[in-house]
Amino acid sequence: MHLNPYGEYAVLLAASLANDWPADRAGIEERTLAQGMTMTFPAAPGDYERVRDVIDEWLAIVDEPDPDARAALLNAQLAVAAAYPRLTNHDGEGWHLHYRDDVPSLPFVLRAIISLGTSLHLVTRGMNRLSRCQAAPCTNVVADVTRNGRQRFCSVRCANRAAVRRHRARA
């Protein structure tokens, strides 16, 4: 069975790019492949900057605390990027669904995957399951994929740092 590449992996890919922005377009493509995408796209002028724009627009969604406003921002992204579902077997590894037009552009595809994946993540897990790390001064994105929905830190290191601060504050 081939699972659709929308949802958890797309949100984790966006968080990975936001938290550790690659130095060049090749780095973006390496990250997408490492995070589960199977396709590569021909390089085009401005790809690097346009993918940065996609991530910056996604960060506006992450930083929006109001669920209604967050949904409005996400709906605007979906209107630009998403299309009707279609069956495809582009990589020969099995039929699956795409929710985007067949445009061979890295920024276009990432916008579609990230906006749809974020939508699925928020409606299935909860509108509060996307935030910033709670261990100041860290500002990394936290895409909460835990079962109990209580992930507040981007890493074990940040969780430990916050625990030490709480302990020292009590002492």
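It should be emphasised that the depicted structure is a prediction, and the values quoted were computed from it without experimental measurement.
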Salt bridge (Lys or Arg N to Asp or Glu O under 4.0 Å) partners of E29, counting only residues at least two apart: R25
Can you list the residues that meet the salt bridge (Lys or Arg N to Asp or Glu O under 4.0 Å) rule with E57, with sequence neighbours excluded? R111
Going by salt bridge (Lys or Arg N to Asp or Glu O under 4.0 Å), name the pairs with one or both residues in residues 118-139, residues two or more places apart or in two chains. E8-R125, D63-R132, R129-D144
Using 0.5 Å steps for rounding, measure from the [atom1] atom of [X] to the [atom2] atom of [Y].
{"X": "T40", "Y": "E30", "atom1": "OG1", "atom2": "CD", "answer": "12.0 Å"}
{"X": "S115", "Y": "N75", "atom1": "OG", "atom2": "CG", "answer": "10.0 Å"}
{"X": "T32", "Y": "L17", "atom1": "OG1", "atom2": "CG", "answer": "8.0 Å"}
{"X": "L74", "Y": "I61", "atom1": "CG", "atom2": "CD1", "answer": "4.5 Å"}
{"X": "L13", "Y": "T118", "atom1": "CG", "atom2": "OG1", "answer": "9.5 Å"}
{"X": "M39", "Y": "T88", "atom1": "CE", "atom2": "OG1", "answer": "7.0 Å"}

Do you know which two heavy atoms are closest between L73 and A60, and how far apart they sit? CD1-O, 3.7 Å
Looking at every heavy atom in both A69 and D66, which two are closest together, and how far apart are they? N-OD2, 2.9 Å
Is there a side-chain contact between [X] and [Y] in this structure, where contact means two heavy atoms from C-beta onward sitting under 4.5 Å apart?
{"X": "I114", "Y": "I55", "result": "yes"}
{"X": "H167", "Y": "R170", "result": "yes"}
{"X": "R161", "Y": "V164", "result": "no"}
{"X": "I28", "Y": "L110", "result": "yes"}
{"X": "Q134", "Y": "V142", "result": "no"}

Under 3.5 Å, which donor-acceptor pairs link side chains of residues 148-160 to any protein atom two or more places apart or in another chain?
{"residue": "N148", "atom": "OD1", "partner": "T146", "partner atom": "OG1", "Å": "3.3"}
{"residue": "N148", "atom": "OD1", "partner": "R150", "partner atom": "N", "Å": "3.0"}
{"residue": "Q151", "atom": "NE2", "partner": "F153", "partner atom": "O", "Å": "3.3"}
{"residue": "S155", "atom": "OG", "partner": "R157", "partner atom": "N", "Å": "3.4"}
{"residue": "S155", "atom": "OG", "partner": "C158", "partner atom": "N", "Å": "3.1"}

Looking at A136, is its backbone amide N or carbonyl O close enough to the side chain of R165 to form a donor-acceptor pair, meaning the two atoms are under 3.5 Å apart? yes
What pairs meet the ring-ring contact (aromatic ring centres under 6.0 Å, His included) rule with one or both residues in residues 42-69, with sequence neighbours excluded? W21-Y48
Going through the distances and angles, do R50 and D47 end up as a side-chain contact (heavy atoms from CB on, under 4.5 Å)? CA-CA 5 Å; R50 288 177 40 217; D47 274 359; 4.0 Å; yes
Which other residues end up in the same hydrophobic cluster as L12, if Ile, Leu, Val, Met, Phe, Trp and Tyr are linked when side-chain heavy atoms come under 4.5 Å apart? V145
